[in-house]
Amino acid sequence: MGKMVLDPLLAFGDRAEEMMIAALTALGTETRLPVELPPEGMGDFAFPCFPLARELKKSPAEIAKSIAASLGTDAMFCKIEPSGPYVNFHIEPEELVRVTVESIMELRENYGNAESSGIKINLEHTSANPNGPLHVGRARNPIIGDTLARILRRCGHDVTTEFYVDDMGKQQVTLTWGVENLVQEGEIPEKADHALVWYYQEASRRMEQDPKVLAEIDAIISKYEDRDPEIATRVQTNCQRVLDGMTQSLRRLDINFDSFAWESKYIFDGSVERIIEQLRAMECTSEDNGALYLDLDNFGISGKENKFFLTRGDGSSLYSTRDMAYHLDKLANYDRAIDVLGEDHKLKAKVVGIGVNLLGQEKPVEPVFYSFVSLPEGKMSTRRGRVVYLDDLVEESIALAREEVEKRRPELDDVLKRGIADAVGIGAIRYNIIRIQAEKQLIFKWEEAMNFEGNSAPFIQYSHARASSILRKATEFGDYDLKLLAHPSEVQLAKMLARFPSVIRTCGTDMACHPVAAYAFELAAMFNQFYRDCPVLVAEEKLKNARLAMVTASKLVLMNALDTLGIVAPEEL
RNA sequence: GGACGCGUAGCCUAGCCAGGAUAUGGCGACAGCCUCCUAAGCUGUAAACCGGGGGUUCGAAUCCCCCCGCGUCCGCCA
């Protein structure tokens, strides 16, 4: 066994580039050609020769010809040929299959992971105001955040996921006022977030209509800001109850947090006050009736209004100012701070970044934005009650999955059926949100959210179950000779398996999740073609053993891809 | 008014940052495939002036400019 290959495709790609550099040097040029992935049937790596045409005063096609002629042969490539203006490298299938399958068999669930980077990342996500249950509009945040955390961990980083609990906002005080002054009638939901949201909605209505209520709420906020410990306990108790409900919902989606940061901490430890004084002393800030603001003209940001307020007229802090204190704290303890934020936070995130830099922290705050999920009839609103709650979507999806299991696998026992329904129902939700590029607007439709066919989680889970089923039936298999795997579907599948580490790597640098979903789908589709073309259990003994290795490798990578998406990979479907 | 993002077949979507060879898939439609390892599967067909217009380039879905549509922000709310 040679040295362990973490990324098979990269090994081949590096070799191709190395050979090209040697050829170009021999041609007497410093120019380096970019590597491309050519269309189907034209090899595995392509180098377009256009950039050299002017310099060498020859046509790209002639250049491609002469480069290819000087390249000779290599163990890693079965064919290196000019194709019009391109030099195309065709990977030696036997080598590709061998390196890839061996690598997966050795690395198992770690295949796709990079070596440890030693970089400590604080990844903040969800951070929803604890005033009611999570709705599907907000659900995009935890799903992106959790998937990104899984990707970055596979990239070798030390990731801490964090929920920033906004326990100092007006919304939370409004909720507390409601709990303390109103009586809820009728049937009260059992889950705390669903039970308490009524108080928030009703208190909001009263506050809008009755100035006395508004004054009472403002008075509580003011005392809270003055660090009244008794008020803090009252508000935080309600926040905690709602927060428990939200985290319970997220646990069903296999989303967990490593830490919770409470906003009030930064008021109580004096850090907010400190940074306000530091900012007040700066040239870029001014006051308006006692309220401190940052003049955005200094930072190339323009709009209707260029004053970004940092305090109220009474000197009390505002959300973004407290956020600066929070981010200074994070950046003091971590190498990187990443925030998953709705697109409505773009300006605030920018200003928080500016503030943090003004206060002497040079590291950037790295935001990842996503666009809103809306309903066909418009934006979701907890206050107005125009929402689809995540808990309801999860129940519906699992129920629908359960119906499908009953239809397809009536013979299974109940525990197994329930496990499959959970995995399928929840997987479908995560998948259908994560498969779309984060900045794209999403309109929530029940039938799309619970899609079980085609480009969906169950499609991928199904391929994994097929692989598992084959392995279950092949009770034992002996040594295998990977040279026997030469069928086009086997080679194609191996190429797909080889891509996984580079997909994870680029997602980590781009901070994008949706390519993992696309990859998992393509891999599953490729496995299904292999399944159709290459019978395993009925094959002749030696071929069977080699194919069983292929199935094992496929199952492992399907599992790793699903795990990166936070989706369960059941043995049966 | 200013700023940011999005606009790809009836619907959803990849590719855009690092411009190149016939623009990726899925849903839906139509036509096929279960005496054969799970048909939540597989095969095939039809369907796209890549929002519109200029420009840069040998070459633009991709880069630049203008315009249109959608979303979001520009609050002493969060």
Side-chain angles (χ1 to χ4, degrees), chain A residues 34 36 38-42 46 48-51 53-54 59-60 83-86 88 129 131 166 168-172 263 288-293 296 300-316 318-320 322-323 342-348 350 369-372 374 379 401 404-405 407-409 424 428 432 435-443 445 447-448 451-463 465-474 510 514-515 518 521-522 524-525 528-529 531-539 547 551 572-573:
Chain A
E36 285 175 17
E40 195 64 39
M42 295 186 172
C49 298
F50 303 95
R54 204 186 300 266
S59 77
S83 171
Y86 296 86
N88 291 345
N129 291 334
N131 53 17
D166 173 18
M168 291 223 63
K170 192 169 194 165
Q171 299 186 23
Q172 277 53 253
E263 188 179 17
D288 183 352
N289 286 324
L292 184 70
Y293 66 85
L296 295 182
I301 299 170
S302 56
K304 267 194 291 211
E305 179 62 70
N306 281 354
K307 294 175 183 173
F308 191 95
F309 283 92
L310 300 165
T311 74
R312 298 191 179 88
D314 63 4
S316 62
L318 291 167
Y319 177 83
S320 294
R322 300 193 288 267
D323 219 12
E343 58 178 339
D344 55 330
H345 283 70
K346 278 188 184 180
L347 177 63
K348 286 172 285 277
K350 203 166 191 173
F369 296 109
Y370 63 91
S371 295
F372 285 130
S374 56
K379 207 177 147 179
E404 292 298 318
V405 180
K407 225 184 299 176
R408 296 162 201 268
R409 305 295 302 279
V424 165
N432 279 296
R435 57 177 262 262
I436 313 280
Q437 187 192 326
E439 295 235 312
K440 217 136 182 158
Q441 295 155 224
L442 246 171
I443 296 172
K445 294 186 185 117
E447 63 276 20
E448 278 176 19
N451 177 30
F452 297 163
E453 280 168 5
N455 191 359
S456 68
F459 179 98
I460 303 157
Q461 291 169 320
Y462 185 69
S463 292
R466 277 179 154 179
S468 305
S469 168
I470 292 173
L471 296 174
R472 228 180 2 256
K473 287 176 179 158
D510 295 350
H514 67 278
F521 174 65
E522 283 170 34
N528 286 339
Q529 288 169 47
Y531 183 91
R532 175 199 64 203
D533 295 335
C534 306
V536 178
L537 298 174
V538 297
R547 285 185 172 163
V551 173
E572 293 187 63
L573 220 60

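The model shown is predicted, which means the values in this text are computed figures rather than measured ones.
Partners of Gln441(A) according to the side chain to side chain donor-acceptor pair (under 3.5 Å) rule, which considers only residues two or more places apart in sequence or in another chain, do not exist here. Every side chain to side chain donor-acceptor pair (under 3.5 Å) that Asn131(A) has, sequence neighbours left out, goes to Gln171(A). Looking at residues two or more places apart in sequence or on another chain, you find a salt bridge (Lys or Arg N to Asp or Glu O under 4.0 Å) between Glu263(A) and Arg322(A). The salt bridge (Lys or Arg N to Asp or Glu O under 4.0 Å) test applied to Arg547(A) returns Glu490(A), not counting sequence neighbours. In this structure, the side chain to side chain contact (heavy atoms under 4.5 Å, CB included) partners of Asp314(A), at least two apart in sequence or on a different chain, are Arg312(A), Ser316(A). Checked against side chain to side chain donor-acceptor pair (under 3.5 Å), Ser83(A) has no partners two or more places apart in sequence or in another chain. Listed by chain and number, the residues in a ring-ring contact (aromatic ring centres under 6.0 Å, His included) with Phe521(A) are Phe459(A) (sequence neighbours excluded). By the side chain to side chain donor-acceptor pair (under 3.5 Å) test, Ser463(A) is found to be paired with Asn528(A), residues two or more places apart in sequence or in another chain being considered. In this structure Tyr293(A) satisfies the ring-ring contact (aromatic ring centres under 6.0 Å, His included) test together with Phe309(A), sequence neighbours excluded.
Residues Lys307(A) and Asp288(A) are paired through a salt bridge, judged by an N-O separation under 4.0 Å between the basic side chain and the carboxylate. Ion pairing of Glu404(A) with Lys407(A) is present here, as a side-chain N (NZ or NE/NH1/NH2) and a carboxylate O approach within less than 4.0 Å.
When the C1' atom is compared between U72(B) and C30(B), the two are found 41 Å apart, to the nearest whole Å. Comparing C49(B) with C11(B), their P atoms are spaced 11 Å from each other, to the whole Å. Rounded to whole Å, the P atom of G52(B) lies 11 Å from the corresponding atom of A61(B). The separation of C68(B) from C12(B), taken at their P atoms, amounts to 23 Å, rounded to a whole angstrom. Nucleotides G19(B) and G28(B), compared at atom C1', are 34 Å apart to the nearest Å. To the nearest whole angstrom, the two P atoms, one in U24(B) and one in C16(B), are 14 Å apart. Spacing between C66(B) and A29(B) at atom C1', rounded to whole Å, works out to 40 Å. Comparing C50(B) with U8(B), their P atoms are spaced 12 Å from each other, to the whole Å.
Within the 4.0 angstrom heavy-atom criterion, only backbone atoms of the sugar-phosphate kind lie near Phe521(A); the bases stay farther away. Contact annotation for Gly454(A): backbone-only contact, meaning every heavy-atom pair under 4.0 Å involves sugar-phosphate atoms and none involves a base. Looking at heavy-atom distances under 4.0 Å, Glu40(A) makes contact with a base. Across all strands, Ser83(A) comes closer than 4.0 Å to base atoms (heavy-atom distances). Counting any heavy atom pair closer than 4.0 Å across all strands shown, Ser469(A) reaches a base atom. Ala53(A) comes within 4.0 angstrom of no nucleic acid atom, judged by non-hydrogen atoms across all strands. Nucleic acid contact for Arg322(A): sugar-phosphate only, since backbone atoms but no base atoms lie under 4.0 Å from a heavy atom of the residue. Counting any heavy atom pair closer than 4.0 Å across all strands shown, Met168(A) reaches no nucleic acid atom. Among the atoms of the strands shown, none is found under 4.0 Å from any heavy atom of Asn451(A).
For C34(B), the base is syn relative to its sugar; the glycosidic angle is within 90° of 0.
In this model, a side-chain donor or acceptor of Asn88(A) finds a partner on the base of A21(B) within 3.5 Å.
Listed candidates were C76(B), G41(B), G20(B). Nearest to the side chain of Leu318(A) is C76(B). When each of A40(B), C37(B), C42(B) is scored by its nearest atom to the side-chain atoms of Ala525(A), the top-ranked nucleotide is C42(B). Side-chain proximity of Pro38(A) to the nucleotides C42(B), A39(B), A21(B) is greatest for A21(B). Nearest to the side chain of Asp344(A), among A21(B), C76(B), C73(B), sits C73(B). The nucleotide whose nearest atom lies closest to any side-chain atom of Lys346(A) is, among C42(B), U22(B), G5(B), G5(B). Comparing A40(B), C37(B), U72(B) by their closest approach to the side chain of Phe372(A) singles out U72(B).
For Arg435(A) (side chain) and Ser456(A) (main-chain N/O), no donor-acceptor pair under 3.5 Å exists by modelled atom type. Using a distance-only test at 3.5 Å, with no hydrogens or angles considered, no donor-acceptor pair links the side chain of Ser374(A) to the main chain of Lys379(A).
Take the nearest nucleotide of RNA chain B for Lys170(A) and for Val424(A): the residue whose nucleotide is more 5' is Val424(A). Residues Lys307(A) and Phe452(A) both approach RNA chain B. Their nearest nucleotides, taken by heavy-atom distance, put Phe452(A) toward the 5′ side.
Remark: Gln529(A) is not in phosphate contact with G41(B), judged by side-chain N or O atoms under 4.0 Å from OP1 or OP2.
Taking atom CZ of residue Arg532(A) and atom P of nucleotide G44(B), one finds them 8 Å apart after rounding to whole Å.
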Can you pull every protein N or O that's under 3.5 Å from an N or O on nucleotides 10-14 of chain B?
unit_1	atom_1	unit_2	atom_2	d
C12(B)	O2'	Arg435(A)	NH2	3.3
A14(B)	OP1	Gln437(A)	N	3.2
A14(B)	OP1	Gln437(A)	OE1	3.2
A14(B)	OP2	Lys440(A)	NZ	2.5

List every contact pair, protein side and nucleotides 58-65 of chain B side both N or O, where the distance is under 3.5 Å.
unit_1	atom_1	unit_2	atom_2	d
C58(B)	OP1	Arg54(A)	NH2	3.3

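Annotation for Arg54(A): atom CZ does not count as buried by contact number, only 12 or fewer foreign heavy atoms lying within 6.0 Å.
Here Tyr86(A) counts as stacked on A21(B): its ring centre is under 5.5 angstrom from the base ring centre and the planes meet at under 30°.
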- Under the rule of Watson-Crick or G-U wobble with both distances under 3.5 Å, where | means paired to another strand and [ ] a crossing pair, RNA chain B maps to (((((((..(((.......[....))).(((((.......))))).....(((((..]....))))))))))))....
